[in-house]
Student: 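Please read through the structure below; I'll follow up with questions.
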Amino acid sequence: MIYTITLNPAIDRLLFLEKTLVKEKNNRLSKIDYDLGGKGHHGSFAMSKLGVKNQALGFCGTTNKSKLEKILQEKGINHDLVEVYGKPTRESYVILEAGVSGSILITEKGFRVSSYDIELLTEQIEEKIQEDDMVLIAGSLPPGFELRNLEELLQLLKKKNCFVACDLSGAALAKAVEVGVNFIKPNAFEIQEIVSEENSLLDNLKELSKKVDYIVVSQGSEGSICSHDGELYQITAPKVVAVNDTGAGDCFVGSFLGSLSLGKSLVESLAFASGCAASKVQYTNSTSFSVKEAKRLQKEVRIEKVQNH
Ligand code: TA6
């Protein structure tokens with residue numbers, strides 16, 4: 001079974017501008033839409049779309065719970081969330097300018113969780129997760145969830161001997177590497193925060209690979225670099241016209257882990273996940289992608305082993 005843990009869930013409010021964003025001007029919206037936010041939830045959406053059995057865990061605020069529940073149900077996501085009483089699940093604002101590729105993402109901090117909330121989540125995880133399960137912890141930490149809480153959670157999962165995947169950034173990502181997990185997916189900025197600038201990226205990956213089995217460094221439309229089992233792979237993404245890149249990395253993570261869990265090879269999982277992410281960026285919301293299109297785009301993905309690194 002795969003579990004995703006979204007410690008800091010979000011509802012994405014998509015803001016479609018009539019024109020491009022201009023300072024000191026009243027920028028008018030042509031429409032507003034809502035979609036699922038939160039990196040772990042996006043991972044669950046991709047896995048569910050691929051028919052990979054999974055359950056979304058984590059927190060959710062009670063004051064706007066029905067809004068998040070409605071979106072989770074629409075997206076067909078099996079979930080069992082711990083309620084943070086009297087607080088709202090935050091919103092992320094995804095700004096889409098008319099005729100401009102890509103999005104501007106502005107994200108609230110999120111509700112503060114108490115030690116009691118963390119205790120409830122820990123008890124639930126202790127009870128649900130079995131040996132050989134796969135667990136994805138993805139997204140930011142909410143206020144109140146400290147690095148020591150993350151360390152305790154990671155140690156608990158490692159003790160269960162499950163596959164621990166982390167899509168984290170900053171100090172949380174550094175903690176995951178320090179503890180030692182099975183998978184991380186920093187983007188090109190995030191990896192710079194945890195490695196030495198003196199060394200080359202390839203040397204830094206070699207160092208990180210001593211603590212992490214699978215490392216994928218996402219490089220947006222350029223593709224990604226993967227380190228696993230002493231080998232380095234350069235993945236070149238298919239060329240598509242991006243409308244909204246929000247959620248593309250999460251789509252990659254969910255479809256990559258889903259593919260691995262189905263026993264697909266590393267190269268096949270990388271190629272398919274790249275196809276899913278390339279499909280996703282062509283949609284205006286934060287989650288949609290087409291499996292059929294992903295399989296077509298997968299054929300355009302190039303994966304080359306980096307020699308003598
Ligand atoms: O990766 C995209 C996304 O999940 C958005 O949908 C938005 O909810 C944001 O990231 C949340 O990011 P955070 O790192 O704060 O969990």
Side-chain angles (χ1 to χ4, degrees), residues 1-13 34-45 47-48 54-73 75 77-93 106-130 133-160 162 164-176 178-179 181 184 250 253-254 286:
M1 179 72 162
I2 300 183
Y3 293 92
T4 64
I5 301 177
T6 305
L7 296 166
N8 201 4
I11 294 167
D12 282 8
R13 184 192 290 240
Y34 292 90
D35 195 6
L36 188 63
K39 293 179 172 10
H41 288 161
H42 286 170
S44 271
F45 174 73
M47 291 170 193
S48 305
N54 74 92
Q55 185 174 53
L57 306 178
F59 296 115
C60 84
T62 56
T63 57
N64 60 351
K65 184 178 176 190
S66 55
K67 200 167 183 181
L68 181 60
E69 281 283 347
K70 179 171 175 288
I71 300 173
L72 287 165
Q73 271 147 30
K75 299 281 176 182
I77 293 176
N78 170 12
H79 59 280
D80 184 3
L81 306 178
V82 170
E83 292 187 346
V84 177
Y85 192 72
K87 306 274 178 66
T89 291
R90 65 181 171 153
E91 286 193 348
S92 296
Y93 307 97
I106 300 170
T107 296
E108 292 179 7
K109 270 196 180 353
F111 45 53
R112 173 168 290 277
V113 293
S114 66
S115 48
Y116 177 64
D117 300 323
I118 296 170
E119 205 179 300
L120 286 180
L121 179 68
T122 307
E123 281 167 14
Q124 182 195 48
I125 288 168
E126 182 65 69
E127 192 189 304
K128 279 180 181 275
I129 290 159
Q130 309 296 321
D133 281 342
M134 182 182 270
V135 179
L136 167 64
I137 306 175
S140 59
L141 307 184
F145 199 97
E146 308 303 336
L147 283 179
R148 63 178 168 75
N149 301 120
L150 177 65
E151 182 165 6
E152 286 160 13
L153 174 57
L154 292 170
Q155 295 294 7
L156 184 158
L157 294 171
K158 286 189 75 170
K159 230 174 21 203
K160 285 189 171 274
C162 59
V164 184
C166 294
D167 185 359
L168 302 168
S169 59
L173 176 61
K175 180 57 74 179
E178 178 198 317
V179 170
V181 293
I184 57 172
D250 311 336
V253 171
S286 302

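Predicted, not measured: the structure shown is a model, and the values here were computed from it.
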Student: Looking at every non-hydrogen atom in both residues, tell me the closest pair between His41 and Ala56 and how far apart they are.
Tutor: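 Taking His41 first and Ala56 second, the nearest heavy atoms are CD2-CB, 3.9 Å.
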
Student: Do Leu7 and Asn149 have side chains that get closer than 4.5 Å, going by heavy atoms?
Tutor: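 Leu7 vs Asn149: side chains apart.
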
Student: Any side-chain heavy atom of Gln124 sitting closer than 4.5 Å to one from Leu121?
Tutor: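 Yes, close enough: below the 4.5 Å cut-off.
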
Student: If every non-hydrogen atom of Lys39 is compared with every non-hydrogen atom of Asp250, which pair is closest and at what distance?
Tutor: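 For Lys39 and Asp250, the tightest heavy-atom pair comes out as CG-OD1, 3.4 Å.
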
Student: Would you mind reporting whether Thr6 and Ser44 have side-chain heavy atoms less than 4.5 Å apart?
Tutor: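 In short, these two side chains do not touch, never coming nearer than 4.5 Å.
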
Student: Could you check whether any side-chain N or O of Glu83 sits under 3.5 Å from a backbone N or O of Leu81, counting only pairs where one atom can act as donor and the other as acceptor?
Tutor: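 Checked: no pair found.
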
Student: Would you check, one step at a time, whether the test side-chain contact (heavy atoms from CB on, under 4.5 Å) holds for Arg90 with Lys109?
Tutor: CA-CA 7 Å; Arg90 65 181 171 153; Lys109 270 196 180 353; over 6 Å; no

Student: Do Glu126 and Leu156 have side-chain heavy atoms sitting under 4.5 Å apart?
Tutor: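 Yes, side chains in contact.
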
Student: Of the options Gln55, Glu69, Gln73, which is the one that meets His79 in a side chain to side chain donor-acceptor pair (under 3.5 Å)?
Tutor: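 The single option meeting the side chain to side chain donor-acceptor pair (under 3.5 Å) with His79 is Glu69.
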
Student: Closest approach of Val82 and Asp117, non-hydrogen atoms and distance?
Tutor: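 That closest heavy-atom pairing would be CG1-O, 4.1 Å.
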
Student: Looking at every heavy atom in both Gln130 and Lys128, which two are closest together, and how far apart are they?
Tutor: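 Smallest heavy-atom distance, with atoms named: NE2-O, 3.2 Å.
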
Student: Quick one: does NZ or CZ of Lys67 land under 6.0 Å from the six-membered ring centre of Tyr34, within 45 degrees of the ring axis?
Tutor: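 The answer is yes, since Lys67 meets both limits relative to Tyr34.
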
Student: Between Leu157 and Val181, is a side-chain contact (heavy atoms from CB on, under 4.5 Å) present by the stated rule, with each step listed?
Tutor: CA-CA 10 Å; Leu157 294 171; Val181 293; over 6 Å; no

Student: Hey, are the side chains of Thr4 and Met47 touching, using non-hydrogen atoms and a 4.5 Å cut-off?
Tutor: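 Yes, their side chains come closer than 4.5 Å.
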
Student: Check whether any side-chain heavy atom of Lys158 lies under 4.5 Å from a side-chain heavy atom of Val179, and answer yes or no.
Tutor: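 Contact flag for Lys158/Val179 side chains = yes.
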
Student: Heavy atoms, side chains only, cut-off 4.5 Å: are Pro9 and Phe111 in contact?
Tutor: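 Counting from C-beta outward, Pro9 and Phe111 do come under 4.5 Å.
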
Student: Show the nearest heavy-atom pair for residues Ser286 and Leu36, with the distance to one decimal.
Tutor: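 Ser286 and Leu36 have their closest heavy atoms at CB-O, 3.7 Å.
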
Student: Ignoring hydrogens, what is the shortest heavy-atom contact between Asn78 and Asn54? Give both atom names and the distance.
Tutor: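 That closest heavy-atom pairing would be ND2-O, 3.4 Å.
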
Student: Hey, does Ile118 have a side-chain heavy atom less than 4.5 Å from the side chain of Leu153?
Tutor: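 No, side chains not in contact.
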
Student: For Lys70, does the NZ atom sit with more than 12 other heavy atoms under 6.0 Å from it, leaving out its own atoms?
Tutor: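 Result for NZ/Lys70: open.
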
Student: Taking 4.0 angstrom as the limit, do Glu178 and Lys175 come out as a salt bridge?
Tutor: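 Lys175 and Glu178: salt-bridged.
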
Student: Step by step, work out the side-chain contact (heavy atoms from CB on, under 4.5 Å) result for Asn8 and Leu141.
Tutor: CA-CA 6 Å; Asn8 201 4; Leu141 307 184; over 6 Å; no

